[in-house]
There are 2 protein chains.
Amino acid sequence: MKSFKKMLVDKGISPSMQRIKILEYLSKNRIHPTADDVYRALVKEIPTLSKTTVYNTLKAFTNKGILTALSVFENEVRYEYEQQPHIHFKCLKCGRIYDINEKYDYLNDKYIAGHKVIEHHVNLKGICKNCLEKEKEDE
Amino acid sequence: MKSFKKMLVDKGISPSMQRIKILEYLSKNRIHPTADDVYRALVKEIPTLSKTTVYNTLKAFTNKGILTALSVFENEVRYEYEQQPHIHFKCLKCGRIYDINEKYDYLNDKYIAGHKVIEHHVNLKGICKNCLEKEKEDE
DNA sequence: AACAATTTTGTAATTATTACAAAAGAGTAA
DNA sequence: TTACTCTTTTGTAATAATTACAAAATTGTT
Ligand SMILES: [Mn+2]
Ligand SMILES: [Mn+2]
Ligand SMILES: [Zn+2]
Ligand SMILES: [Zn+2]
């Protein structure tokens, strides 16, 4: 597998230490983190890290197609490394966001009602398996 | 059709003038407005209207199932009166949000990967019909 | 009218994000 | 090495959406 440095160079982004660390974090932590999550995780290693750098870098990566930005509700953008389109499920109880890998008929790069579709997001909300089990135990 | 006042009473919400006007606005303006859109439209008629009232009312209506809240990206919540589930399409050029009424296999009230689905949102992004036509004209 | 409960209002606080300019770093020609 | 330029990072200030909260206004009831 390609190194993160090489991946950035291939996309025409100069591979600064901050950028490599941010990409590495997104790659290894598939938890759909917010910009603030990324900042809080990395500032431990890089004490001089600036939040502006995190915001700028995440936005730049997204524009280059390295990351995907999503808003599964709420007023904050979340990012993920995964590229394959997939469904997101947000638990209303514990707040976790799950990736769902069931088959799904996607519409990317097609037309619908005359509009050209470029991105396709399916966001579900409900009670996750874990929380359902906990509910049962409490009875 | 039921009056807005009756609709609120039926849901156990006392029908103040502000609440009726807000519900009426959402019902008659199917443009997925933000809280601020609602405020700016109604403050003309009700000069003393407070933004807090608008935020609180929209949230209360949503909890009662009178409105649906959606975030088709960006950092602001939008509301709509429509209850039937449908697809949303956001134009990356003009920013408009369109309702798509194509048939669609919804998952509401089902289980997926063990999780209980309560809400189902399909959000597309791309270039709308209108903007595509404008692009052609400009060539 | 007097009182209690509800609703609205206005302002302050919070949070996510962006703007912007100074500081730091990297690369390169003399 | 130094001088210069270009890029990136940093830190702070500004915006924008939303929420907290308490005072003021309204409504309904004795
Ligand atoms: Mn995902
Ligand atoms: Mn809609
Ligand atoms: Zn859960
Ligand atoms: Zn458009």
Side-chain angles (χ1 to χ4, degrees), chain A residues 4-5 7-9 11-25 32-64 66-67 69-80 90 95 97, chain B residues 4-5 8-9 11-25 31-64 66-67 69-80 90 95 97:
Chain A
F4 298 114
K5 183 181 281 193
M7 189 174 307
L8 290 175
V9 172
K11 291 278 184 177
I13 297 170
S14 72
S16 72
M17 181 264 281
Q18 288 84 340
R19 288 170 177 167
I20 291 170
K21 289 286 185 189
I22 289 171
L23 181 56
E24 184 184 10
Y25 181 81
H32 309 93
T34 63
D36 200 60
D37 291 335
V38 176
Y39 172 77
R40 289 207 311 277
L42 292 182
V43 78
K44 291 172 197 162
E45 280 186 77
I46 314 167
T48 62
L49 183 64
S50 162
K51 230 174 219 182
T52 303
T53 300
V54 175
Y55 274 100
N56 289 342
T57 303
L58 291 172
K59 184 163 281 186
F61 286 1
T62 301
N63 290 338
K64 288 281 185 178
I66 298 172
L67 298 180
L70 39 123
S71 47
V72 190
F73 262 50
E74 287 150 317
N75 47 352
E76 59 187 9
V77 178
R78 289 167 179 275
Y79 293 89
E80 70 178 342
K90 158 127 195 176
I97 294 174
Chain B
F4 298 114
K5 182 181 281 194
L8 290 175
V9 172
K11 290 278 184 176
I13 297 170
S14 71
S16 72
M17 181 262 281
Q18 289 85 339
R19 288 171 178 168
I20 291 170
K21 289 286 185 187
I22 290 172
L23 182 56
E24 184 184 9
Y25 181 81
I31 55 174
H32 309 93
T34 63
D36 200 61
D37 291 335
V38 176
Y39 172 78
R40 288 207 312 277
L42 292 182
V43 77
K44 291 172 197 161
E45 280 185 78
I46 315 168
T48 63
L49 181 65
S50 162
K51 231 173 219 183
T52 303
T53 300
V54 175
Y55 274 101
N56 289 342
T57 303
L58 291 173
K59 184 163 280 187
F61 286 1
T62 301
N63 290 338
K64 288 283 185 176
I66 297 173
L67 298 180
L70 38 124
S71 48
V72 190
F73 261 50
E74 287 151 317
N75 47 354
E76 58 187 13
V77 178
R78 290 168 178 276
Y79 293 89
E80 71 178 342
K90 157 128 196 173
I97 294 174

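Just so we're on the same page: letters track the sequence lines, and every chain starts at 1.
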Requested in this report: Kindly say if B:Thr48 contacts the phosphate of C:dT8, meaning a side-chain N or O under 4.0 Å from OP1 or OP2.
Outcome: no
Query raised in the report: What is the distance, rounded to the nearest whole Å, between atom CG of B:Leu8 and atom P of D:dT27?
Result: 15 Å
Report task. Assign B:Thr53 to base, sugar-phosphate, or nothing according to its heavy-atom contacts below 4.0 angstrom with the strands shown. Result -> base
Report task. Respond yes when some side-chain nitrogen or oxygen of B:Gln18 is under 4.0 Å from OP1 or OP2 of C:dT9, and no when none is. Result -> yes
Query - Whole-Å gap separating P (C:dT11) and OH (B:Tyr39) - result: 11 Å
Report summary line: Rounded to whole Å, CZ of B:Arg78 lies from P of D:dA16 at a distance of 15 Å
Query raised in the report: Rounded to whole angstrom units, what separation is found between the CZ atom of B:Arg19 and the C1' atom of D:dA25?
Result: 14 Å
Requested in this report: May I ask you to evaluate whether B:Ser50 reaches the phosphate of C:dG10, defined as a side-chain N or O under 4.0 Å from OP1 or OP2?
Outcome: no
Query raised in the report: What integer distance in Å separates A:Asn56:CG from C:dT18:C1'?
Result: 9 Å
Query raised in the report: Which of these nucleotides, C:dT7, C:dT18, D:dT8, is closest to any side-chain atom of A:Lys59?
Result: C:dT18
Requested in this report: State, yes or no, whether a side-chain contact exists between B:Phe61 and B:Leu8 at a heavy-atom distance under 4.5 Å.
Outcome: yes
Query - Selected nucleotide, minimal atom distance to B:Thr52 side chain, candidates D:dT10, C:dT8, D:dT19 - result: D:dT19
**Report entry** Rounded interatomic separation in angstrom, taking OH from A:Tyr79 and P from C:dA16
**Finding:** 13 Å
**Report entry** Atom of A:Pro15, atom of A:Val9 and distance for their closest heavy-atom approach
**Finding:** CG-CG2, 3.8 Å
Query raised in the report: OP1, OP2 of D:dT19 versus side-chain N and O of B:Tyr55: anything below 4.0 Å?
Result: no
Requested in this report: Considering just the side-chain nitrogens and oxygens of B:Lys51, establish if one lies under 4.0 Å of OP1 or OP2 belonging to C:dT11.
Outcome: no
Report task. May I ask you to evaluate whether B:Ser14 reaches the phosphate of C:dT7, defined as a side-chain N or O under 4.0 Å from OP1 or OP2? Result -> yes
Report task. Report yes if some heavy atom in the side chain of B:Val38 is under 4.5 Å from a heavy atom in the side chain of B:Thr57; otherwise report no. Result -> no
Query raised in the report: Quick one: do the B:Thr34 and B:Asp37 side chains pair a donor with an acceptor below 3.5 Å?
Result: yes
Requested in this report: Could you check whether B:Thr34 gets within reach of a base, just the sugar-phosphate, or nothing at all, counting any heavy atom under 4.0 Å?
Outcome: nothing
**Report entry** Length of the CE-P vector between B:Met17 and D:dT26, whole Å
**Finding:** 10 Å
Query - Rounded distance (Å) that lies between atom P of C:dT8 and atom CD1 of B:Ile13 - result: 11 Å
Query raised in the report: What residue among A:Leu67, A:Leu70, A:Ile97 forms side chain to side chain contact (heavy atoms under 4.5 Å, CB included) with A:Glu80?
Result: A:Leu70
